[in-house]
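Not measured: the values here are computed from a predicted model.
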Amino acid sequence: MGRNNAKNIKAHNDKLHKAQDKEKSKKAARAEQLKAIVKKFNEDKSNS
């Protein structure tokens, strides 16, 4: 069975987009955590 019919193409694209969205959300979460760490570090540095 190939991907040469509409149902299989849709299933493949849905799976692909789900994986891409998951990766994008992980990247955004890491960026938020890094931003929080940098902010905390800068606050601690300015308080010293």
Side-chain angles (χ1 to χ4, degrees):
M1 286 195 28
R3 272 195 302 118
N4 295 333
N5 66 46
K7 182 183 174 207
N8 288 341
I9 291 171
K10 183 180 179 337
H12 171 77
N13 286 339
D14 289 348
K15 186 176 180 182
L16 179 66
H17 295 147
K18 184 177 180 183
Q20 289 173 339
D21 291 342
K22 192 174 183 182
E23 195 172 313
K24 188 185 284 186
S25 68
K26 280 184 183 179
K27 190 173 183 179
R30 282 193 298 268
E32 285 295 318
Q33 287 178 331
L34 182 61
K35 197 183 290 186
I37 290 169
V38 168
K39 185 176 180 182
K40 184 169 174 53
F41 176 77
N42 288 335
E43 285 175 359
D44 289 347
K45 194 173 179 182
S46 66
N47 289 339
S48 296

Tell me whether D14 is salt-bridged to K10, with the criterion being a basic N under 4.0 Å from an acidic carboxylate O.
yes

Under 3.5 Å donor-acceptor pairs involving side-chain atoms of residues 23-33, not counting sequence neighbours:
| residue | atom | partner | partner atom | Å |
| --- | --- | --- | --- | --- |
| S25 | OG | D21 | O | 3.4 |
| S25 | OG | K22 | O | 2.9 |

Among D44, I37, N42, the one residue meeting side chain to side chain contact (heavy atoms under 4.5 Å, CB included) with K40
D44

Who passes side chain to side chain contact (heavy atoms under 4.5 Å, CB included) against Q20, sequence neighbours left out?
L16, H17

Are the side chain of N8 and the backbone N or O of N4 linked by a donor-acceptor pair below 3.5 Å?
no

